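Report on one structure; see the data block that follows.
Note that the structure is predicted; figures quoted are calculated from it, not measured.
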Amino acid sequence: METSAVGGTIVVPDRKRRRFPATAFTWLAVTPFAAWAVARVAGLERGSLPTQLMTATPYAAAGSLIPLLIAAVGRKRAATAVALLATTALGFSVLPRALGTADATAGRPLKVMTINMLFGRADVATIMRLVREFEPDVLSTQELTPGVISDLDAAGLKEIMPHRVLEAEWSAGGSGLYSKHPMRELPDVMPEIGHRMPAALVSLPGGPPIEFVDAHPYPPLGRNYADWHEALEAFPSASPERVRILAGDFNASLDHAPMRSLLARGYKDAADQVGAGLIPTWPANKRVPPIITIDHVLVDQRVGVKEVSVHDVPGTDHRALLAELTVP
């Protein structure tokens, strides 16, 4: 209130600040995570961008605790209930990968190693060190070039793993399987969708042979999304007649609906079985640490998983994945 020069009093009303309603703020925090949970559980992601975002589900699961806390502290009952359901759904989708569910399974020992070589630029010395220390029975490679084949053989891989089915290219499209044991190529197991994905039958001692498929669908980027989806659908289902293992860079996480559909056809993720399913494999050797898990060893339900580990390899943007298994 102030005095006028003419006389009298001018009354200035108090100005109240407009506040964003607490209820609206709470729902604004809760809704994105609730929508994410619905999309993840129902497999609703479609197209390139939603598919890429779905790989961040483990981080969304952790982040969903924030709106749950906001709703609970604000005593917003409906919002708290929705937030709790979202956190629970996301938690049940993610946490089993860190806990593991594997049971001891008797059988023949089998070691598998897979590595994406980034146009053949992966450090050969590191790969050979891992091969000599881990002693894999089968090595699955992606982005295999003729040049790195020569470098690996010169470094001693030809003597250690003399059997191979290779489809090298001077691009990201090349792939190849190496083995310590006799190996026979299986043509036409995978249709020509995306990168080369050779298959082979490995004569493991002490029992029937094991079938391997070197997995490397296109990444689900832009127009490649359709090919990525088609490739995941084209992988053969597990078979009662033959133990089959799919190993490589799937460009997919366990939060993608097509990947879960593939697992539902008789497979299990080796890392998931031993509580290593949240260890990220890409991108490696960058300014940012690896953030998503897209390299996998998928095994028949009859296969036991003893241990899975992930290792850095200079020169490539993927980490090597090593799985110690037992097969019937």
Side-chain angles (χ1 to χ4, degrees), residues 48 52 112-132 136 138-180 183-200 202 212-232 234-235 246-252 281-286 290 292 294-297 311-322:
S48 178
Q52 294 173 62
V112 178
M113 174 177 166
T114 180
I115 176 67
N116 181 314
M117 295 190 171
L118 186 63
F119 300 96
R121 298 172 189 163
D123 183 64
V124 169
T126 303
I127 292 174
M128 290 306 302
R129 177 180 60 79
L130 290 172
V131 166
R132 289 189 172 97
V138 177
L139 170 63
S140 177
T141 63
Q142 303 86 52
E143 302 199 20
L144 183 73
T145 64
V148 79
I149 291 174
S150 299
D151 292 342
L152 286 168
D153 282 345
L157 189 61
K158 190 172 185 178
E159 288 72 34
I160 299 172
M161 309 186 83
H163 308 282
R164 62 269 312 267
V165 174
L166 308 180
E167 297 183 9
E169 291 185 3
W170 289 106
S171 67
S175 299
L177 292 166
Y178 292 84
S179 174
K180 291 166 55 177
M183 182 163 56
R184 175 170 62 87
E185 183 177 8
L186 296 175
D188 304 324
V189 170
M190 288 297 296
E192 294 185 6
I193 305 171
H195 302 301
R196 300 282 185 179
M197 291 187 274
V202 177
F212 279 85
V213 178
D214 190 342
H216 194 201
Y218 280 149
L221 303 176
R223 290 178 294 180
N224 288 338
Y225 167 79
D227 288 334
W228 169 83
H229 197 286
E230 186 180 353
L232 289 171
F235 281 112
L246 318 176
D249 170 15
F250 287 79
N251 279 308
T281 62
W282 185 91
N285 302 306
K286 302 291 184 181
I292 59 176
I294 56 176
D295 300 88
H296 306 273
V297 174
H311 302 264
D312 292 326
V313 177
T316 176
D317 57 349
H318 286 256
R319 304 170 87 184
L321 185 66
L322 282 59

From Leu152 atom CG to Met117 atom CE, the distance as rounded to the nearest 0.5 Å: 5.0 Å
Side-chain touch Asp249/Trp282, heavy atoms, less than 4.5 angstrom: no
Crowding at CZ, Arg132 (>12 non-hydrogen neighbours, <6.0 Å): yes
Check: Asn116 main-chain N/O paired with His216 side-chain donor or acceptor under 3.5 Å: no
Residue pair Phe235 / Met197: nearest heavy atoms and the distance that separates them: CZ-SD, 3.7 Å
Where Val112 and Phe212 come nearest, the two heavy atoms and their spacing: CG2-CE2, 3.7 Å
Flag for Gln142-Ser140: side-chain donor and acceptor within less than 3.5 Å: yes
Residue pair Ile127 / Val313: nearest heavy atoms and the distance that separates them: CG1-CG1, 4.0 Å
Thr281 side chain vs Asp295 backbone, donor-acceptor pair below 3.5 Å: yes
Atom of Ala234, atom of Met190 and distance for their closest heavy-atom approach: O-SD, 3.8 Å
Qualifying salt bridge (charged side-chain N to carboxylate O under 4.0 Å, His left out) pairs with a residue from residues 164-178, counting only residues at least two apart or across chains: Asp153-Arg164, Glu169-Arg196
Donor-acceptor under 3.5 Å (Ser48 side chain, Pro220 main chain): yes
Exercise: identify the closest heavy-atom pair between Val202 and Ser179: CG1-OG, 3.6 Å
Closest non-hydrogen atom pair, Asp214 against Thr141: OD2-O, 2.6 Å
Residues that Phe119 engages under ring-ring contact (aromatic ring centres under 6.0 Å, His included), provided they are two or more places apart: none
